[in-house]
Amino acid sequence: MRIMLRFTILASTFPMALIAMFARGGIASSAPCIATGGITVQMAQAPWQAQAHVAFTDDPAQASVRVQIVDRAETADFAVIDDVESAESGACTATAATRFIGIAATPSGAEPVIYLTDSARADYRIYVHSRSFTPRNAAALIVGAHRDQRRLAAL
């Protein structure tokens, strides 16, 4: 009898916990995210969550955007350094206005195609020293953020 009662309590509590979690916007995550120019751009955790996509290529001729990975933060247009313990609280909080960026498996004509390079001939220069961001994450977010900013300025 006790086992059945415990199972009933667990069975009724679990769906409520799921509903509460999704009502708050899902599981708290440390998805790479930036806040720039009044907008917040975050890497999508699920394919259906992405509102915009970018793609990557190893062929510079197919790229629509070139992103140079630099070795000094001073020379970068965008730097990610997250080893500091006292990060700004709430600097990148997901809201209804957050734009989610996904990385497409294959390039299409509708999305930016990024080529990561060491060459000085690039549209953006990034510096990444992070435990949670990869250079691909940083490139996707900065290209996605600037694409959204241009679109908002055109409206």
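Please read these numbers as outputs of a predicted model, since none were measured by experiment.
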Peer 1: Under a 4.5 Å cut-off applied to non-hydrogen side-chain atoms, are I103 and M43 in contact?
Peer 2: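 Side chain of I103 against side chain of M43, heavy atoms only: contact under 4.5 Å found.
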Peer 1: So, taking the atom named CZ in R136 and the one named CG in L141, what distance separates them when rounded to the nearest 0.5 Å?
Peer 2: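 R136 atom CZ to L141 atom CG measures 12.0 Å (nearest 0.5 Å).
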Peer 1: Side chains of I34 and F133: closer than 4.5 Å at any heavy-atom pair?
Peer 2: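 A side-chain contact under 4.5 Å exists here.
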Peer 1: Applying side chain to side chain donor-acceptor pair (under 3.5 Å), can you list everything that pairs with R125, at least two apart in sequence or on another chain?
Peer 2: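 If we apply the side chain to side chain donor-acceptor pair (under 3.5 Å) test to R125, skipping adjacent residues, the hits are D77.
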Peer 1: Could you tell me the separation between the OG1 atom of T75 and the CD atom of Q68, rounded to the nearest 0.5 Å?
Peer 2: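 CD of Q68 is found 7.0 Å from OG1 of T75.
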Peer 1: Within the distance-only criterion (no hydrogens, no angle test), does the side chain of Q51 pair as donor or acceptor with the backbone N or O of F100 below 3.5 angstrom?
Peer 2: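 Checked: pair present.
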Peer 1: Pairs in or reaching into residues 31-79: which pass disulfide bond (SG atoms under 2.5 Å apart), with residues at least two apart or in two chains?
Peer 2: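 Residue pairs passing disulfide bond (SG atoms under 2.5 Å apart), neighbours aside: C33-C92.
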Peer 1: Using the side-chain contact (heavy atoms from CB on, under 4.5 Å) criterion, which residues pair with T106? Sequence neighbours excluded.
Peer 2: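 In terms of side-chain contact (heavy atoms from CB on, under 4.5 Å), with neighbours along the sequence ignored, T106 is linked to no residue.
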Peer 1: In the single-linkage hydrophobic clustering (I, L, V, M, F, W, Y; side-chain heavy atoms under 4.5 Å), do V113 and V67 co-cluster?
Peer 2: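 Looking at the clustering, V67 is in a separate group from V113.
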Peer 1: Nearest 0.5 Å, what's the OH-CD1 distance between Y124 and I69?
Peer 2: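 One finds 15.5 Å between OH of Y124 and CD1 of I69.
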Peer 1: How close do Q49 and Q45 get, counting heavy atoms only, and between which atoms?
Peer 2: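 So the two residues come closest at OE1-N, 2.8 Å.
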Peer 1: For a quick test of reading the model, state the closest non-hydrogen atom pair linking I126 to A139 and the distance between them.
Peer 2: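 Result for this residue pair: CD1-N, 4.0 Å.
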Peer 1: Taking all non-hydrogen atoms of both residues, which atom of S132 and which atom of P32 are closest, and how far apart?
Peer 2: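 Nearest pair, atom of S132 first, then P32: O-CG, 3.6 Å.
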Peer 1: Nearest 0.5 angstrom please: I101 CD1 to H53 NE2, how far?
Peer 2: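 One finds 9.0 Å between CD1 of I101 and NE2 of H53.
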Peer 1: Taking all non-hydrogen atoms of both residues, which atom of A50 and which atom of G102 are closest, and how far apart?
Peer 2: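 That closest heavy-atom pairing would be CB-N, 3.6 Å.
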Peer 1: Starting at OG1 of T117, measure out to CD1 of I114 and round the result to the nearest 0.5 Å.
Peer 2: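 T117 OG1 to I114 CD1: 13.0 Å, rounded to 0.5 Å.
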Peer 1: Test of understanding: with side-chain contact (heavy atoms from CB on, under 4.5 Å), list the residues that count as partners of D59, not counting sequence neighbours.
Peer 2: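 Expected list: T57, A61, Q62.
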Peer 1: Does P112 have any side-chain contact (heavy atoms from CB on, under 4.5 Å) partners at least two apart in sequence or in another chain, and if so, which?
Peer 2: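 Checked P112 against side-chain contact (heavy atoms from CB on, under 4.5 Å); matches are V54, S64, V65, V143, R147.
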Peer 1: Report the residues that fulfil side-chain contact (heavy atoms from CB on, under 4.5 Å) with P60, sequence neighbours left out, ordered by chain and then residue number.
Peer 2: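 Here the qualifying residues are R66, Y115.
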